[in-house]
Engineer: 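The structure's right below; bear with me while I get my questions together.
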Protein chains: 2
Amino acid sequence: MSTGESGAEPGRPRPRPTAKDVAAAANVSRSAVSFAFNDPARISVATRDRILAAARSLDYAPNTVARMLQRGRTQSLGVLFPQELAKIMENPYHSRFLVGVGQVCDRESLTALLVPPVADSMLKAIPYAAVDGFIVCGLETDRGEVAELQRRGIPFVLVDSDPPEGVPSVDIDDQRGAYEVVAHLLALGHRRIAILSMESGPSVTSRGYHGPLARRRAGVAEALAGAELTLDDVAVLEVPCTRMDGYRATKTLMAGDRPTAIVTFSDVLAIGALDALHDLGLAVPGEVSVSGFDDLPESAWLRPRLTTVNQPILAKGRLAADFLVSAVHGEDQHPHQTLSTALIVRESTARPPARRG
Amino acid sequence: MSTGESGAEPGRPRPRPTAKDVAAAANVSRSAVSFAFNDPARISVATRDRILAAARSLDYAPNTVARMLQRGRTQSLGVLFPQELAKIMENPYHSRFLVGVGQVCDRESLTALLVPPVADSMLKAIPYAAVDGFIVCGLETDRGEVAELQRRGIPFVLVDSDPPEGVPSVDIDDQRGAYEVVAHLLALGHRRIAILSMESGPSVTSRGYHGPLARRRAGVAEALAGAELTLDDVAVLEVPCTRMDGYRATKTLMAGDRPTAIVTFSDVLAIGALDALHDLGLAVPGEVSVSGFDDLPESAWLRPRLTTVNQPILAKGRLAADFLVSAVHGEDQHPHQTLSTALIVRESTARPPARRG
DNA sequence: CTGAAAGCGCTTACAG
DNA sequence: CTGAAAGCGCTTACAG
């Protein structure tokens, strides 16, 4: 009632109260405090109320980290990315993937930890994250992450990689997707085709690693073969996956021996390509055809609407998270799913212009 | 050399090795093991090498959670959202915000923990996250989160809320932004204006809380007053912030007493509105003007290009993370920043059609 | 119904 | 240069 000094002095950084403090205040053991929070049935109502009241008055809440250590569970899923967070979130593809992961997190009351590489290394980031398992994204080269995770015995699922046997993973049919767009363009009559691809890590080819990019390249080759062409007949540019890089690469491409069609391996790149072509005063698809990959929602808003390869990004995220949750629960399966792609023909591709020469 | 049984049996779920195991294997104390990893200078090169070799052969790595508990640091920033993760990531606004947060995380070698509400409560989510501090997003109603965080003594910064004195926070000039678009529309001659707003939590007005939405409403009122109008003269619809809800709301709006201009409080909503108007066969801006809010990159790709209110989303995320990092480092300031908005007039707004009546 | 004790795995003064 | 000990804050068998 009076303005006594019962409260803590404000402003002073008091140390956080612990179960010990509450136990003292409520005149019980620390075990009792723990029970009050975790297993109320084990103590009498009276004691519990007393403890809870004491806890409230001290602003006590169990320390999360201590609890994690004791329980051996963090209630968190790690999403391990191959690039800096700023770059990752820049790409709408990842947002959509995280919607899928988020659905599972929401359902299971889990949090999602976004884990960027440490000093450019996904490997180094692994030991610093307090998670129950990892979703490993876009492992374009296997730089030891798989072995590391396996040795540590921490559950994980591989997404968009070249999964070894016996490892949970989810992928899409990259080869077929790439095959279909290129076949589509060839059928339209294009022969001078450029590929705008993403950069893959070092030494991809030399180590016989076949990630998504390699599979897409195979799909392109397969389609080209149908027209008596090979990969040597197309220009291939590898750039970081940003709109701006797509823009620049397209300008580079157009400064040389102009292709009549640009096949990009990402809608984000295609958006940049469209911008560049617009700035160059080149009509799409009248003078140049452009195709994307992913089928982001955005691709349908573009003008011209983007012809692209749909992949079920959201489902991929959801599935990956589901697989990881199973693995964390100790279910000893190794599900391996390959999701389908589908060519979506819209407005950005058409017959090549009739040509002098 | 021989195929001895030196390795652990594969497949068998071995328990993770601890520092104790390494100490035993290397014939040193547990302290030495710890030093080998954390303070190599404190032990001799020989001992360190022996320890590291033993660690490697046992696949040992220090337990992150134990380390967190001991150090009292998690190296992780929590981003507390008012909605489910799936919904949050659905909105490009948040991706962009996270790019800003990500820049700081990358710089500081921090991870970002995405924290959705637990059982619809941001409050309940707080104690379950192992983070060094929170960025509290879009606290449209103060449901006790601030008090909770303050009592717990955990650093936090408020973004897009109604920040009390003495609390780090970053906001934008919502009122001015809303004022400007509406004034723009009024100047074009619009008098029948509809507002498409987001749902705010319960009892916003009743508690005298003035979050972003309330400020925007004030901006609208301010602009209307300049034309001798009041909020009662405009239709206001509050819907969840998704494209689909924007779509539906617009159809509802158009089924009634048709406005000549739709002011949305989010680009995402505006995209839905544009779609609906397109499906309704209504020309934008010929028959109906539409404006957005945020100025997402997407808004410039739309056709017609969207007139909208720019807000520096990325800078907001970066600043919030910067403020939080300072707070975590114990810097006892309470920075409070209000970022500017700017009206971006593009193609989706024009004079209202001449009218019968 | 309640408490004393051990333990989760680590780090860090403190002695030697 | 190295080790024994205490402690971070919690939970959970185990006794009573």
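Atoms considered below: every heavy atom in the structure, side chains included; atoms not considered: hydrogens, waters and symmetry mates. Just so it is clear, the structure is predicted and the values come from calculations on it, not from any experiment. Chain letters run A, B, ... following the sequence lines, proteins first and then strands; every chain starts at 1.
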Engineer: List in chain and number order the residues that pass side chain to side chain contact (heavy atoms under 4.5 Å, CB included) with Val118(A), two or more places apart in sequence or in another chain; answer none if no residue qualifies.
Structural biologist: Lys124(A), Ala125(A)
Engineer: With Watson-Crick and G-U wobble geometry limited to distances under 3.5 Å, how should the secondary structure of DNA chain D be encoded in dot-bracket form, using | for bases paired to another strand and [ ] for crossing pairs?
Structural biologist: |||.||||||||.|||
Engineer: Look at all strands and tell whether Val28(B) reaches a base, only sugar-phosphate, or nothing, counting heavy atoms closer than 4.0 Å.
Structural biologist: sugar-phosphate
Engineer: Does atom CG (Asp120(A)) have a neighbourhood of more than 12 heavy atoms from anything else shown, all under 6.0 Å?
Structural biologist: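 Incorrect, the count does not exceed 12.
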Engineer: Shoot me the first and last contacting nucleotide of DNA chain C against chain B, ordered 5' to 3', at under 4.0 angstrom to non-hydrogen atoms.
Structural biologist: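 The contact span of chain B on DNA chain C goes from dG9(C) to dC14(C).
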Engineer: At a heavy-atom distance below 4.0 Å, what parts of residues 34-45 of chain A sit against DNA chain D?
Structural biologist: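 Only Ser34(A), Phe35(A), Asn38(A), Arg42(A) qualify.
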Engineer: Which donor-acceptor pairs under 3.5 Å do side chains of residues 100-109 of chain B form with protein atoms, sequence neighbours excluded?
Structural biologist:
from, atom 1, to, atom 2, distance (Å)
Gln103(B), OE1, Arg318(B), NE, 2.7
Asp106(B), OD1, Leu85(A), N, 3.1
Asp106(B), OD2, Leu85(A), N, 3.1
Asp106(B), OD2, Ala86(A), N, 3.1
Arg107(B), NH1, Asp322(B), OD1, 3.2
Arg107(B), NH2, Asp322(B), OD1, 2.8

Engineer: What pairs of donor and acceptor atoms, side-chain ones from residues 47-57 of chain A against any protein atom, are under 3.5 angstrom apart with sequence neighbours left out?
Structural biologist:
from, atom 1, to, atom 2, distance (Å)
Thr47(A), OG1, Ser44(A), OG, 2.3
Arg50(A), NH1, Ala26(A), O, 2.4
Ser57(A), OG, Ala54(A), O, 3.1

Engineer: List in chain and number order the residues that pass side chain to side chain contact (heavy atoms under 4.5 Å, CB included) with Ala19(B), two or more places apart in sequence or in another chain; answer none if no residue qualifies.
Structural biologist: Val33(B), Tyr60(B)
Engineer: Which residues pass the ring pair (Phe, Tyr, Trp, His ring centres under 6.0 Å) test with Phe81(B), not counting sequence neighbours?
Structural biologist: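 Per chain and number, Phe81(B) pairs via ring pair (Phe, Tyr, Trp, His ring centres under 6.0 Å) with His94(B).
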Engineer: Any side chain to side chain donor-acceptor pair (under 3.5 Å) involving residues 125-136 of chain A? Give me the pairs, sequence neighbours left out, ordered by first then second residue.
Structural biologist: Thr74(A)-Asp132(A)
Engineer: If the condition is side chain to side chain contact (heavy atoms under 4.5 Å, CB included), which residues does Pro164(A) pass it with, not counting sequence neighbours?
Structural biologist: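 For Pro164(A), the residues satisfying side chain to side chain contact (heavy atoms under 4.5 Å, CB included) (neighbours in sequence not counted) are Val146(A), Leu158(A), Val167(A).
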Engineer: How would you list, by chain and number, every residue that makes a salt bridge (Lys or Arg N to Asp or Glu O under 4.0 Å) with Asp162(B), sequence neighbours excluded?
Structural biologist: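 Asp162(B) satisfies salt bridge (Lys or Arg N to Asp or Glu O under 4.0 Å) with no residue once adjacent residues are dropped.
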Engineer: What is the nucleic acid contact for Thr18(A), judged by heavy atoms within less than 4.0 Å: base, sugar-phosphate only, or nothing?
Structural biologist: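 Sugar-phosphate, no base atom in range.
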Engineer: Got a sec, which pairs hit salt bridge (charged side-chain N to carboxylate O under 4.0 Å, His left out) with one end in residues 66-91 of chain A, sequence neighbours left out?
Structural biologist: Glu90(A)-Arg96(B)
Engineer: Starting at the 5' end of DNA chain D, which residue's closest nucleotide do you reach first, Ala61(A) or Arg30(B)?
Structural biologist: Arg30(B)
